[in-house]
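Just so you know, ligand 1 is whichever comes first in the structure, and atom 1 is the first atom listed for that ligand.
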Amino acid sequence: MPIFVRYFFTVKKSDAKKRIEELKELINTHNHNYYVLNSPVISDFEYDILMNELIELEKRFPQYQTQDSPTQKVGSDLSQADNGGERGGFRQYRHQYPMLSLGNTYDMTELYEFDRRIKKVADTPFTYNCELKFDGTAICLTYKEGRLFRALTRGDGTVGDDVTENVREIATIPQQLNAGSWPGQFEIRGEIYMPYKAFDRLNLQREADEDPPFANPRNAAAGSLKLQESSAVRERGLEATLYHLIAPDLNVTSQSEALKAASEWGLPVSEYARECRDIDQAVEYINMWDEKRRTLPFATDGIVIKVNQLELQRKLGFTAKSPRWATAYKFKPEEALTKVISIDYQVGRTGAVTPVANLEPVLLSGTVVKRATLHNGEQMEMLDIHIGDYVYVEKGGEIIPKITRVDLSKRSEGAVKASFPLYCPDCGTPLVKDPDEAKSFCPNSEGCPMQQKGKFLHFISRKAMNINAGEATIEQLYSKGFIRRLSDLYKLTPQQLLQLDKWKEKSVSNFLSSVEQSKERPFNRVLFALGIKYIGETTASSLASAFGSIDNLMNAGREELLQTEDVGEKLADSILDYFSNPDNLKLIAELKESGLKFAMEAGQVQRLSDSLNGKSIMITGVYSISREQMKAYIEAHGGKVASSVSSRTDYLLAGEKSGESKLKKAEKLGIPVISEDELYKMTNKNI
Ligand code: IVH
């Protein structure tokens, strides 16, 4: 058992249920960040710890395991229309065979357990084929009569996005196979990845274009594969390695033979795979690569061990999520030792002050690291960090690595302890610290230049208003006094913009047209862009669909907010606080005046009928379809899903296990309670 799950044996039943729910939600959010947004916020290692905790808890308390648990399905990379429209555009196709994931471990002893399980089933001698675990994004290619026919992403494992045109731009993937005895139709799966060199080149370019850099080569590969313009894919320098051949009529008996055949047909297959006679030899292979992986020109996050004989693979079969004949040993995140030169204190858009260490440059996982985060004053205190200390840095999911520990044996005499500032490093206002939070804040939200600039950067960012500009532009606009309030962005004139460094008519017109286009951003993006504390991208979308417009959100009381899905006390208070400030109300009025969208649009859902036109329906409990599907169904028939039961609610749709309090409230207010079947009758659906 991995070390990090041992403590679960002390978990009480009542706590387990709550923790399982919490973990499911957390993991689903991280899956969305990783697979859909290509922008993880935690490292794979941290993710695996959460997932292992959930697996262990569900094992101990199977009564709380549900079918929709992330332990039961693979994460989904499917592009969604996403209201903003920038992710749609890919046709989706069903995979001929489900595209599964792999079991994984960081613990060598578990490999011996894996080996024991296989030996129990095997009645003939077998070997292992050991392969590098490429850290890229999964792909499934279909070849028909020797020609590349289709390329699908993993998607949700059942259905994938059709990225064929983009894959045709990857030089190492052949359109036509060499002459050979390939089956008339077959699938081959593998990984699309971006070598470090291409990754560095791309991020340099993005920096120059003031686009946000990718956090790591995996995200860069996944993002590039989903580019809307195929011609742009070629320049990204993607590569591929294929490792899983599937066809009913294969003329091979083992994984190693399958890879050899694929390579002869001209397909890109890794040169590093090795057949190992037993688990000890597989462990030797792992140990060798744990060291040597640092010399590879691309990222690997582990080793995959596969039973080599296809007959035994068939006998072992699959679980719901992964094959029983393969597992991955994952390398612990790489760390590097380097020296702290100084510490900067950055003030973010919410006023939070983050200490960031400037380091002696060091190579870590293929890229040079010069800065690392110390998170907050408490963390600095815990590490007892001194200027000049030698520290270990590690890469998390974010672009900026973190300091994990100090090598005290290397501390020089007289080294000065770093102390967290008492005053804002930018505007000099005394910092405040909420005892419940580790972070310190500059309370001067209106007057602190760093905070103001941070608010603009957030507002224009891709996931918010998507205005084509970066830090340098905001810096200049701010220092020239052209922007003070977010609404000023919509009042900028060509004369002002021409005063910016090296700006000519072309850059001015590009910028202005991007500002103009931002007015088309849907309400959820606008709400996110406002930068209200605790309203992240996902919460903004939930609030936008629950309330429909900023006016409804503004008028919602605490109770109503708290009854909304995903809204807790902290968020409710933050929303109330934001709208109680007259200056914020003025800002919203100004942005409305400029033409920004402050309400969801009817066209965002496909209309099936008008049978629920104007009806406000509160939903509670479990239905035969998911809640999301139920919401979409009601909206498609013209109804609106209410966020809470109030006198304005027309019906309470009660599924199984409905909320007691909602039923009582509906009864008190005389609101009709209807069942799922009754709803379908109202909308004439045959059941
Ligand atoms: S085998 C059913 N082999 O790692 C076969 N996967 O974390 C499952 N991966 O889903 C895949 N290198 O996307 C296999 N040599 C390799 C791999 C590999 C990278 C990826 C793959 C998989 C994921 C699991």
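Of all atoms in ligand 1, listed by their number and element, those nearer than 4.0 Å to a heavy atom of Leu100 are 10 (O). Listed by number with element, the atoms of ligand 1 under 4.0 angstrom from any heavy atom of Leu132 are 12 (N), 15 (N), 16 (C). Residue contact check: Ala138 has heavy atoms under 4.0 Å from atoms 13 (O) of ligand 1.
Protein heavy atom nearest atom 13 (O) of ligand 1, with residue, atom name and distance: Glu191 OE1, 2.9 Å. At the top of the distance list for atom 21 (C) of ligand 1, counting protein heavy atoms only, stands Tyr243 OH, 3.0 Å. Nearest protein neighbour of atom 12 (N) of ligand 1, counting heavy atoms only, is Phe134 N, 3.0 Å. Nearest to atom 7 (O) of ligand 1 among the protein's heavy atoms is Lys133 NZ, 3.0 Å. Of the protein's non-hydrogen atoms, Arg154 NH2, 2.9 Å is the one closest to atom 10 (O) of ligand 1. Protein heavy atom closest to atom 3 (N) of ligand 1, with residue, atom name and distance, is Lys306 NZ, 3.0 Å. At the top of the distance list for atom 2 (C) of ligand 1, counting protein heavy atoms only, stands Pro323 CG, 3.6 Å. For atom 5 (C) of ligand 1, the closest non-hydrogen atom on the protein side is His244 ND1, 3.8 Å.
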Name every donor-acceptor pair, under 3.5 Å, that has one atom in a side chain of residues 132-140 and the other anywhere in the protein, sequence neighbours excluded.
residue	atom	partner	partner atom	Å
Lys133	NZ	Asp301	OD2	3.4

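With sequence neighbours excluded, the residues that form a side chain to side chain donor-acceptor pair (under 3.5 Å) with Gln309 are Thr127.
Cation-pi contact between Arg150 and Tyr93: present, with separation from the ring centre below 6.0 Å and deviation from the ring axis of at most 45°. In this structure, Arg218 forms a cation-pi arrangement with Tyr34, its terminal cationic atom sitting closer than 6.0 Å to the ring centre and no more than 45° off the ring axis. Geometric assessment of Arg274 against the ring of Tyr285 yields a negative cation-pi assignment under the 6.0 Å and 45° thresholds.
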Exercise for the section: Might you work through the side chain to side chain donor-acceptor pair (under 3.5 Å) test for Asn129 and Glu131, ending with a clear yes or no? Expected result: CA-CA 7 Å; Asn129 203 58; Glu131 300 165 16; 3.1 Å; yes
Handout entry: salt bridge (Lys or Arg N to Asp or Glu O under 4.0 Å) between Glu21 and Lys18, intermediate numbers included
Key = CA-CA 5 Å; Glu21 284 309 313; Lys18 198 167 147 239; over 6 Å; no
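The distance between the ring centers of Phe114 and Trp325 does not fall below 6.0 angstrom.
Put simply, no part of Asp135 is less than 4.0 Å from ligand 1, judged by heavy atoms.
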